Amino acid sequence: MSLNEYRGVWVFAEQNDGRLRRVSLELLGKGRELADRLRVDLVAILLGEDAGKLCTELIDYGADKVLWADDPELRCYRTDTYTKIIASQIMEHKPEILLVGATYVGRDLAPRIARRLGTGLSADCTSLDIDEETRLLQQTCPAFGGNLMVTILTPKERPQMATVQPGVMQPLQKSTRKGEIISIPADIEHKDMRVSRLRVIEETRRGIGLEQAERIVSGGMGIGSVENFKMLGKLAELLGAEVGATRNAVEAGWASSDRMIGQTGKTVRPTLYIACGISGAIQHIVGMKDSELTIAISKDPKAPIFQIADYGIVADLHQLIPLLIQELLRYKGAR
Amino acid sequence: MNIIVCLKQVPGTNDVRLDPETGSLIREGVPSIINPEDRNALEKALLLREEHGGNVVVISMGPPQAEVALRDALAIGADEAILLCDKAFAGADTLATSFTLGSAIKKLGHFDLVLCGTKTLDGNTGQVGPQLAELLDLPQITYARRVEIQGEILKAERVFEEGYELMETRLPALVTVTREINEPRIPSIDQIMQSYREKEVKTWGAAYLGLYEHSVGLDGSATKMSKIYKPEFGKGKVEFIEGSMEDMAQGLLAKLKERNLI
Ligand SMILES: Cc1cc2nc3c(=O)[nH]c(=O)nc-3n(C[C@H](O)[C@H](O)[C@H](O)COP(=O)(O)OP(=O)(O)OC[C@H]3O[C@@H](n4cnc5c(N)ncnc54)[C@H](O)[C@@H]3O)c2cc1C
Ligand SMILES: Nc1ncnc2c1ncn2[C@@H]1O[C@H](COP(=O)(O)O)[C@@H](O)[C@H]1O
């Protein structure tokens, strides 16, 4: 393989139900930086029907070019069709980097593409850097439950592929930019339709996704019961925050699994994170360490959560939370 | 129904340490377990066999000690166990792992279903399943929390951000399962003893599979580890808000007001 033939940074633009996933915009933000440093184009590849508006949006968020396959069969993600189209575009245009969001679709798709192309793929990266000299992408991801960080390189194969955790990169400011929209063939055959989606069983999930939340009030085992978790919800509501939870609290049945923060759950970076009755295990920390302001409340003054907190309170939550709610209500009432 | 389960032995804890001098991993004294989701995959295979008849083969690539994991699998009812073990297989990334597993599965011949876990505790990539499906040219369903088979048709509920989707495909296929799918059975001491007495773990190496050393293990890997380090999180500048319960509650609100958060 002649590595010099490979140029350009590509981002898989994931749409779901006609809307772009936020992680794709985050990847464009990072991709823009990488492309500028490598002095190449940033290309988004989008599959979906009637997605002209999304193409413009991708350009507004930093793409120089959008490759778009427009076909009714591409409305819904399908492993076989998506792999085929993207892999064949890569073989034709030879980008040096392909970034994919570590979503349920991305994790299904990226390994299949990497295997077809015989290239390397790192999973769940939390940071990406480039060596302009060697043009090698430094792909850093947590290993062993976040106890260690590993930096991975793909020295001899191209493209260098990485899936990236949602919520860790920053999108650019949206602004009107110039870019090119190029239509690519869908070329779907019957044999690419081996798996079909019969229906979606949508869960009624209240609130917005945690990844997007600006404020999170999060509870762990120290909360003690479902009832108390509801009280935590009340506190969150008063603060305009979403409710998060540790894995143990989810496993105890106090919160639904889409509320889980950490290695197994979500990565969040809100402006305000209030950790209530959370000890601060490394697997939890990796999911919330980038919060701007962290406030920790635990009755154990030695809890590791205090090591990463800005403010700490050593107290019994069963007493403190009702008081906080009461004080907040009074404060709001007085205004 | 012939079912193949891919099962990996992993360290039972994530409490790994780095040797301060060499920077290499210290893994001694860490007990090994079967990757939790792989136990769910095996459980599903056994349940499907109970329902439809057939044969369950477990296959694992790993060091000689990984035989223990396969013995457990035999003890709870797997029909056959194969350990892919060779010095040449060491240091494999997911590309090389899937290649080795895929070569072995091709050698096994006919099968209807390949089951994997979604992710391993140590590798944690979730890539081996889809990469195997690609190599074997199979339809794949990942993140399955329910699987049912009727005749040639497999139906599975797949987890995604907004909930679940009901997927359907035709056998043969590859499915990766989540821990939600079932509660795996645990072997009794008697069953484990019996598996040592009566059952066999076959060991296949690179030569037996007809694989060249440069396509497996470290040499067959496309990714290389360039750095491994302990993450630094500590801000280490926590300010404790102290006093009576009321003082603390009011102190906290004062901090939020200061920052215009309320
Ligand atoms: C492979 C793997 C993946 C994992 N993934 C995740 C993950 O994604 N997310 C995650 O969160 N965890 C994860 N974990 C689990 C993690 O290791 C911890 O066990 C977990 O985060 C601890 O949850 P906790 O803080 O709620 O509970 P605990 O560790 O039990 O902490 C409870 C805290 O509450 C305090 N407390 C108790 N009662 C009160 C009270 N009345 N008032 C005030 N404080 C009180 C205690 O002093 C303690 O500090 C994972 C583990 C493994 C092995
Ligand atoms: N060395 C291995 N031997 C057997 N199966 C494996 C091996 N590595 C991964 N797998 C399978 O692939 C799944 C995903 O692994 P990973 O990509 O490492 O997260 C696991 O749950 C196993 O079913």
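Reminder, nothing fancy here: chain letters follow the sequence lines and each chain counts from 1. Model, not experiment: these values are computed from the prediction.
- For K224(B), the parts sitting under 4.5 Å from any heavy atom of chain A are the backbone and the side chain alike.
- Interface check for chain B: of the options T119(A), V200(A), L121(A), the most heavy-atom pairs under 4.5 Å are formed by L121(A).
- Summarising the geometry of R112(A) relative to P139(B), their closest heavy-atom pair is NH1-C, 4.5 Å, with the distance given to 0.1 Å.
- Contacts of D247(B) with chain A are absent, with no heavy-atom separation under 4.5 Å from either backbone or side chain.
- Here the closest non-hydrogen pair linking R158(B) and Y104(A) is NH2-O, 2.7 Å.
- Taking CD from E134(B) and CZ from R115(A), the interatomic distance works out to 8.0 Å, rounded to the nearest 0.5 Å.
- Closest approach of P111(A) and G126(B) over heavy atoms only: CG-O, 4.5 Å.
- Of all the heavy atoms in R215(A) and N260(B), the pair that sits closest is NH2-O, 4.2 Å.
- Of the two parts of L320(A), the backbone and the side chain both hold a non-hydrogen atom closer than 4.5 Å to a non-hydrogen atom of chain B.
- Residues F306(A) and F240(B) are in side-chain contact: their nearest non-hydrogen atoms beyond the backbone lie under 4.5 Å apart.
- Taking CE of M245(B) as the start and CD1 of I313(A) as the end, the distance is 9.5 Å to the nearest 0.5 Å.
- Of all non-hydrogen atoms in Y311(A) and I241(B), the two that sit nearest each other are CB-CD1, 4.1 Å.
- Only the side chain of Y143(B) comes within less than 4.5 Å of a heavy atom in chain A; its backbone stays farther off.
- At least one side-chain heavy atom of T151(A) sits under 4.5 Å from a side-chain heavy atom of Y229(B).
- Here L138(B) contributes atom CG and T79(A) contributes atom OG1; the two are 12.0 Å apart, rounded to the nearest 0.5 Å.
- The pair E161(B)-R21(A) meets the salt-bridge criterion, with a side-chain N (NZ, NE, NH1 or NH2) lying under 4.0 Å from an Asp/Glu carboxylate O.
- Proximity to chain B involves both the backbone and the side chain of E327(A), based on heavy atoms less than 4.5 angstrom apart.
- Among A102(A), G118(A), S196(A), G120(A), the residue making the largest number of heavy-atom pairs under 4.5 Å with chain B is S196(A).
- Residues of residues 122-130 of chain A having a heavy atom under 4.5 Å from any heavy atom of chain B, listed by number: S122(A), A123(A), D124(A).
- Under the 3.5 Å distance criterion, the side-chain polar atoms of Q140(B) are matched with a main-chain donor or acceptor of D108(A).
- Salt-bridge formation is not detected for the pair D310(A)/R259(B): no Lys NZ or Arg NE/NH1/NH2 atom is positioned less than 4.0 Å from an Asp or Glu carboxylate oxygen.
- Once rounded to the nearest 0.5 Å, the distance linking CZ of R116(A) with CD of Q131(B) reads 12.0 Å.
- With a 4.5 angstrom heavy-atom cutoff, L238(A) does not touch chain B via any of its atoms.
- Note: K155(B) NZ to L198(A) CG = 6.0 Å, rounded to the nearest 0.5 Å.
- The greatest number of non-hydrogen atom pairs below 4.5 Å with chain A, out of L95(B), T125(B), L154(B), is found for L95(B).
- Between chain A and the residues K255(B), E242(B), E246(B), M225(B), the largest count of heavy-atom pairs under 4.5 Å involves K255(B).
- Interface residue V105(A): only backbone heavy atoms are found under 4.5 Å from chain B.
- Neither the backbone nor the side chain of D17(A) has a heavy atom closer than 4.5 Å to any heavy atom of chain B.
- Between S226(B) atom OG and Q139(A) atom CD the span is 9.5 Å, to the nearest 0.5 Å.
- A donor-acceptor distance shorter than 3.5 angstrom exists from the side chain of T169(B) to the backbone of R194(A), with no hydrogens or angles considered.
- The choice from L109(A), T103(A), L239(A) that makes the most heavy-atom pairs within less than 4.5 Å of chain B is T103(A).
- Counting heavy-atom pairs closer than 4.5 Å to chain B, the top-ranked of the candidates R199(A), K156(A), Q160(A) is R199(A).
- Per-residue counts of heavy-atom pairs under 4.5 Å with chain B were compared for Q138(A), Q319(A), E157(A), K332(A); the largest is that of Q319(A).
- At distances below 3.5 Å, not a single donor-acceptor pair connects side-chain atoms of R170(B) with backbone N or O atoms of V195(A).
- Taking D93(B), L253(B), L261(B) one by one and counting their heavy-atom pairs under 4.5 Å with chain A, the maximum is reached by L261(B).
- Of the atoms belonging to L153(A), heavy atoms from both backbone and side chain fall under 4.5 Å from chain B.
- Between the R197(A) side chain and the E165(B) main chain, no donor and acceptor come within less than 3.5 Å of each other.
- Side-chain contact, R107(A) with T142(B): no donor N or O sits under 3.5 Å from an acceptor N or O.
- Contact annotation for E157(B): only side-chain heavy atoms (C-beta onward) come within less than 4.5 Å of a heavy atom of chain A.
- K227(B) NZ: 12 or fewer foreign heavy atoms inside a 6.0 Å radius.
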